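Note that the coordinates shown come from a computational prediction; the quantities given were computed from them, not determined experimentally. As a basis for the values below, the full set of heavy atoms in this structure was taken, side chains included, without hydrogen atoms, waters or symmetry mates. In what follows, chains carry the letters A, B, and so on, assigned in the order in which the sequence lines appear, proteins first and then strands, with residues in each chain numbered from 1.
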2 protein chains.
Amino acid sequence: MTKKQTEKAFLESYDIHDFDVPLTSVDMAIFTVRSEKLQVLLVKRAQHPALGQWALPGGFIDLKLDKTLMDTAKRKLYEKTGVRIPYLEQVETFGSQGRDPRGWSVTISYLALIPSDHITLGKDDSSEQVAWVPVDEAEDQYPLAFDHNRILEACHQRLRSKVQYTSLPVNLLPNEFTLTELQQTFELVLGNTVEKKSFRRRILDADILEATGNMKTGSNRPAKLYRVKPEGQSHFFTRNIEGPR
Amino acid sequence: MTKKQTEKAFLESYDIHDFDVPLTSVDMAIFTVRSEKLQVLLVKRAQHPALGQWALPGGFIDLKLDKTLMDTAKRKLYEKTGVRIPYLEQVETFGSQGRDPRGWSVTISYLALIPSDHITLGKDDSSEQVAWVPVDEAEDQYPLAFDHNRILEACHQRLRSKVQYTSLPVNLLPNEFTLTELQQTFELVLGNTVEKKSFRRRILDADILEATGNMKTGSNRPAKLYRVKPEGQSHFFTRNIEGPR
DNA sequence: TGACTTAGGGGCATTGAGCCACTAACATAA
DNA sequence: TTATGTTAGTGGCTCAATGCCCCTAAGTCA
């Protein structure tokens, strides 16, 4: 018997149902900016366990539909928001004996950023109650299901941390935006102010934006409109931005 | 019937064996410095699938023994190296339909750093063949089992990236070390040279080391010995280090 | 036409890193 | 005892990026 035949025989006799394995799911923190606040999407659980509690959207891997974990995340995001191509990044995997009453479970958490003008709730047929909640409120005033408060904090922390040295917040804005809007979005995510000149120098030197020539009009000098260059999605800067002391 | 009773009933009737779930495991890249090279621990698989191929150490979660994913990682690390308290960090979770011939599978990867003087191979009773391999060789010349080449690259990349702005490499050295040894370790991990003065300024300004007063003797000026301050395990710097142009 | 508001940039001060050369402290050999 | 070689450790200049302040630009509106 060759080694290959042996492996084939092994695989034929293998059945995962014979083993004790953890439950494995995907949960995600979907962020956007609404009413000048960083907000996160929550769903009210329509099923046991934790029925009726607020939770991060998520669910099990569909072994038929999904080819990768990212597929599961994309599917969930689309079901909840109707957004197909957002910024999506894996954050951290939580797994323990007690985090789900059903037993040993593992959840892979994802961070999603979607533009504020792309929100179309209710594509989902699960008839779950869905709400956008300011992140600070969600962290401090909502007792989320399972360990979702911890997951949310991990995602929020990752977001804040990456904003220090990347251009991530462009994914929270519509296609076209002004530098002032971009700066305000940075400030929202960072939670502190940013020095205007340093910010503009940094963004423009990074060469990730292109002006669209149009102007945004108001009762003052119009601002140039920019959009992200095709390959400029996630640029890394060299230093931090800090506000005035 | 109250809500709580309903949940209890739900949990009693719940059986994970009724569902299709992915296989879930933990794999890890254990790094150390040997012969002035960054090396990684590989094991030769003693079981199907991929029997006889080199792979990263890892295995399934023991739902009885392990309370968290970190426990699984610690247990595996101890089995292979005899090290109990290393630097251990979760890196990335890989999950897909095809990465394991047994079917849909998920693996949570961990990065471990152990001091070069703590290595005691063979605590394991699995009688697997175990080897330290220079990382570059492992990546380029070893066709690892499953998607372990990709996992190794992710861990290696995470390590290199974090060395840019943290003091991680102290975990690759014995308790006491000289600044020159520390610099050499940084250079090994980074793959390029580091400017001496800048390096020392940065490390000492960070205030994460304390001199032990002793000196290391040689045929030249003795170097001060340092050790990591109790709470200085993983300091974050503000900027990058770069070698001469 | 002047007041008001936000966009955008000029230019200097400050800070931290790169760099090189210099001194310090040992062993060893003449 | 002294010269020599080697590595440890530092002083101090240069350069580049950022912080900071304030000026100008370009609109609306009364």
Provide, to the nearest angstrom, the distance between the [atom1] atom belonging to [X] and the [atom2] atom belonging to [N].
X	N	atom1	atom2	value
A:Phe199	C:dG9	CZ	P	13 Å
B:Leu179	C:dA24	CG	P	19 Å
B:Gln164	C:dA17	CD	C1'	14 Å
B:Lys196	D:dT10	NZ	P	10 Å
A:Ile203	C:dA7	CD1	P	15 Å
B:Leu204	D:dT10	CG	C1'	11 Å
A:Leu182	C:dG8	CG	C1'	15 Å
A:Asn192	D:dG19	CG	P	11 Å

Original post:
How is B:Thr180 classified with respect to the nucleic acid when contacts are heavy atoms under 4.0 Å: base, sugar-phosphate, or nothing?
Top reply: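 Counting heavy atoms under 4.0 Å across all strands, the contact made by B:Thr180 is with sugar-phosphate only.
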Original post:
Under 4.0 angstrom, heavy atoms only, what part of the nucleic acid is A:Lys224 near: base, sugar-phosphate, or nothing?
Top reply: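 If one applies the 4.0 Å heavy-atom cut-off, A:Lys224 turns out to touch the sugar-phosphate alone, with no base involved.
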Original post:
Out of C:dA7, D:dC20, C:dC20, which nucleotide sits closest to the side chain of B:Glu195?
Top reply: C:dC20
Subject >> Per A:Arg200 side chain, nearest of listed nucleotides D:dG19, D:dT28, C:dG8 >> reply: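 Among the listed nucleotides, the one closest to the side chain of A:Arg200 is C:dG8.
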Original post:
Quick one: do A:Lys74 and A:Asp66 make a salt bridge, cutoff under 4.0 Å?
Top reply: no
Polar contact flag, side-chain donor to acceptor under 3.5 angstrom, [X]-[Y]:
X	Y	value
B:Asp27	B:Ser109	no
B:Glu176	B:Thr212	yes
A:Thr93	B:Thr93	yes

Subject >> A:Asp207 vs A:Lys229, salt bridge (Lys or Arg N to Asp or Glu O under 4.0 Å): CA-CA, chis, key distance, verdict >> reply: CA-CA 8 Å; A:Asp207 198 36; A:Lys229 283 189 178 178; 3.0 Å; yes
Subject >> 5' priority, DNA chain D, between A:Pro222 and B:Pro222 [closest heavy atom] >> reply: B:Pro222
**OP:** Measure distances between side-chain N and O atoms of B:Arg201 and base N and O atoms of D:dG9, and say whether any donor-acceptor pair falls under 3.5 Å.
**Re:** no
Original post:
Do A:Lys197 and C:dG10 have a side chain to base donor-acceptor pair shorter than 3.5 Å?
Top reply: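 Answer is yes: a donor-acceptor pair is held.
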Original post:
Phosphate oxygens OP1/OP2 of C:dA24: is one of them under 4.0 Å from a side-chain N or O of B:Arg221?
Top reply: no
Subject >> Distance below 4.0 Å between B:Ser198 side-chain N/O and C:dG18 OP1 or OP2 >> reply: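 Answer is yes, contact under 4.0 Å.
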Original post:
Taking for each residue the nucleotide of DNA chain C with the nearest heavy atom, is it B:Asn220 or A:Asn220 whose nucleotide lies nearer the 5' end?
Top reply: A:Asn220
